[in-house]
Participant: 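Supplied in structure tokens, the structure appears directly below.
Atoms within each ligand, like the ligands themselves, are counted from 1 in listed order. For the single chain, residues carry numbers from 1 onward in sequence order.
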Amino acid sequence: PSRTLSNFESAGNNIMITIRTTRKFHQKRLPYMYDTWLNKVNGSNVFLVTDAEDEEYQEKSRQLGIHYKIISCGKDYSRWSLCCKSGEEMALMHRPENKQYSWFCHLDDDIYIILKNLVNLLSKFDPLKEPIYMGRAGTHWKKPFKLSKKQKMLEPQNVHPFHFAVGGMYCLSRAMLDKVKPWLGNGETMGDTCNKLLQPEDVAVGATVELLAKERLSRTKLFHPHGLILSRFVNPRTLKDQIGFAYGCGQLCAYKGYKNNAIKVPNARFPFSEDPSRFKSLHCHLFPDSALCK
Ligand code: UDP
Ligand code: MN
């Protein structure tokens, strides 16, 4: 079945979107993305990066034009596996067949994106000339995060507080990708960098940009990670103006008191039990004519 794409969707054609997931999360997490915003974007710009075959999602991806990539980095929630997967995502940008992309946006598998607003934000920069690292600055550390002395691959004089993008969403311009390629160029390289810095993927990307490549995080508050209490910090009247939303609390749920972390959607179309991420209700709030909302 052919899908018609509105103007803003083709406007994102210079952005490669990679979604990092793992086979065991497909059933639980991918429907909230595939049935909502991914259903509306040009799938050929989207790469699902996972770690095993899955007939159902290989077929669904084919229908939407989304690339289904199986990466052998390890399937677990370990520093190495996650860094390696992200490095493989970035490596896609360095392949000759993907030279037309001038932006790279990494997403975890628990994110909703309003692509039109993302395109709008990124269009303020020249991705081929300006090294841009766009994201939401960390919320866990009030001050920029400092590496300890042990985390050496850096000369002591270069170890200072830095910012990194949290929440499983960030974008790098082509100029920035080229600058960080020595450290984040592919799975192996990025896995090594994380191990040397003793940091998880998001922190390691920030450290690489700010300490090794000597560039800066461009901060946006339009990305809403699940490190925030989303119902409190995202104003339901402004949902259409935002760029990205997460839900749940990922690995943090294990130790935090709240478990239903999600945005509030006005006149929600679906009850919480059918739509705990709120992405389906959000999608109907933004695009009431979608098939999902009938
Ligand atoms: N992930 C993975 N293997 C695992 C667990 C998680 O590849 O065993 C990926 C998952 O698909 C997501 C990211 O790691 O892209 C973050 O997972 P989650 O949202 O559960 O945790 P967070 O770090 O956001 O708290
Ligand atoms: Mn998460």
Side-chain angles (χ1 to χ4, degrees), residues 16-34 36-38 46-54 56-57 60-61 66-92 104-113 135-141 145 164-171 184 187 190-191 194-195 198-206 223-231 233-234 243-263 276-279 282:
M16 172 189 285
I17 296 173
T18 65
I19 299 168
R20 181 182 60 185
T21 190
T22 183
R23 176 67 179 84
K24 64 181 171 293
F25 287 174
H26 286 190
Q27 289 295 326
K28 197 170 166 225
R29 294 189 178 191
L30 295 187
Y32 298 123
M33 304 180 91
Y34 274 69
T36 63
W37 70 277
L38 283 179
V46 179
F47 294 72
L48 186 78
V49 172
T50 188
D51 45 30
E53 307 271 356
D54 175 352
E56 183 185 349
Y57 274 93
K60 285 194 167 145
S61 300
I66 294 172
H67 306 262
Y68 186 102
K69 296 272 172 201
I70 301 174
I71 299 294
S72 40
C73 279
K75 303 180 180 189
D76 56 336
Y77 188 78
S78 68
R79 184 163 69 210
W80 170 268
S81 300
L82 294 186
C83 287
C84 174
K85 258 184 198 166
S86 291
E88 291 296 313
E89 293 169 55
M90 291 193 205
L92 292 169
F104 164 83
C105 294
H106 157 89
L107 304 178
D108 279 357
D109 53 7
D110 48 8
I111 307 291
Y112 185 104
I113 290 290
R136 175 90 183 221
T139 51
H140 294 295
W141 294 274
F145 182 66
F164 67 97
V166 291
M169 37 186 148
Y170 56 81
C171 297
L184 311 177
M190 185 157 175
C194 291
N195 275 356
L198 302 177
Q199 294 300 328
E201 171 248 359
D202 51 355
V203 182
V205 174
F223 292 2
H224 302 279
H226 57 45
L228 297 172
I229 300 169
L230 293 157
S231 59
F233 287 99
V234 186
I243 293 180
F245 308 94
Y247 66 94
C249 35
Q251 306 297 313
L252 281 174
C253 277
Y255 355 82
K256 287 229 171 152
Y258 59 94
K259 54 182 192 295
N260 295 339
N261 191 23
I263 53 167
S277 70
R278 309 317 277 143
F279 287 0
L282 170 65

Participant: Which heavy atom in C83 sits nearest to a heavy atom in G191, and how many Å separate them?
Facilitator: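 Taking every non-hydrogen atom into account, CB-CA, 3.9 Å.
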Participant: Name the option, out of F25, Y77, Y247, that contains the heavy atom nearest to atom 22 (P) of ligand 1.
Facilitator: Y77
Participant: Do the side chains of P276 and Y32 get nearer than 4.5 Å, heavy atoms only?
Facilitator: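 The answer is yes; the side chains approach within 4.5 Å.
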Participant: Taking both backbone and side-chain atoms into account, decide whether H226 has an N/O/S atom under 2.8 Å from the Mn ion (ligand 2).
Facilitator: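 Given the 2.8 Å cut-off, H226 counts as a ligand of the Mn ion (ligand 2).
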Participant: Locate the shortest heavy-atom distance separating Y68 from A52; write the atom from each residue and the value.
Facilitator: OH-O, 2.6 Å
Participant: With heavy atoms under 4.0 Å as the rule, classify the contact between K75 and ligand 1 as side chain, backbone, both or neither.
Facilitator: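 Only the backbone of K75 comes within reach of ligand 1.
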Participant: Taking heavy atoms and a distance under 4.0 Å, where does D108 meet ligand 1: side chain, backbone, both or neither?
Facilitator: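 Both backbone and side chain.
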Participant: Please identify which atoms of ligand 1 are closer than 4.0 Å to at least one heavy atom of L82.
Facilitator: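 Counting atoms of ligand 1 from 1, those under 4.0 Å from L82 are 1 (N), 2 (C), 7 (O), 9 (C), 14 (O).
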Participant: Return the set of residues passing side-chain contact (heavy atoms from CB on, under 4.5 Å) with L107 (not counting sequence neighbours), or none when no residue passes.
Facilitator: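 side-chain contact (heavy atoms from CB on, under 4.5 Å) list for L107, sorted by chain: I17, I19, W37, I111, I113, M169.
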Participant: Within the 4.0 Å heavy-atom shell around H226, which atoms of ligand 1 are there?
Facilitator: 19 (O), 22 (P), 24 (O), 25 (O)
Participant: Ring centres under 6.0 Å, that's the criterion: do Y34 and Y57 meet it?
Facilitator: yes
Participant: So that I can check it, does any N, O or S atom in D110 come closer than 2.8 Å to the Mn ion (ligand 2)?
Facilitator: yes
Participant: Partners of T18 by side-chain hydrogen bond (donor to acceptor under 3.5 Å, both in side chains), sequence neighbours excluded?
Facilitator: E89
Participant: Which of these, K85, R20, K24, R29, has its nearest heavy atom closest to atom 7 (O) of ligand 1?
Facilitator: K85
Participant: Does D51 reach ligand 1 with a nitrogen or oxygen that is under 3.5 Å from one of the ligand's nitrogen or oxygen atoms?
Facilitator: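 Not met; the criterion fails.
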Participant: Would you mind reporting whether S86 and E201 have side-chain heavy atoms less than 4.5 Å apart?
Facilitator: yes
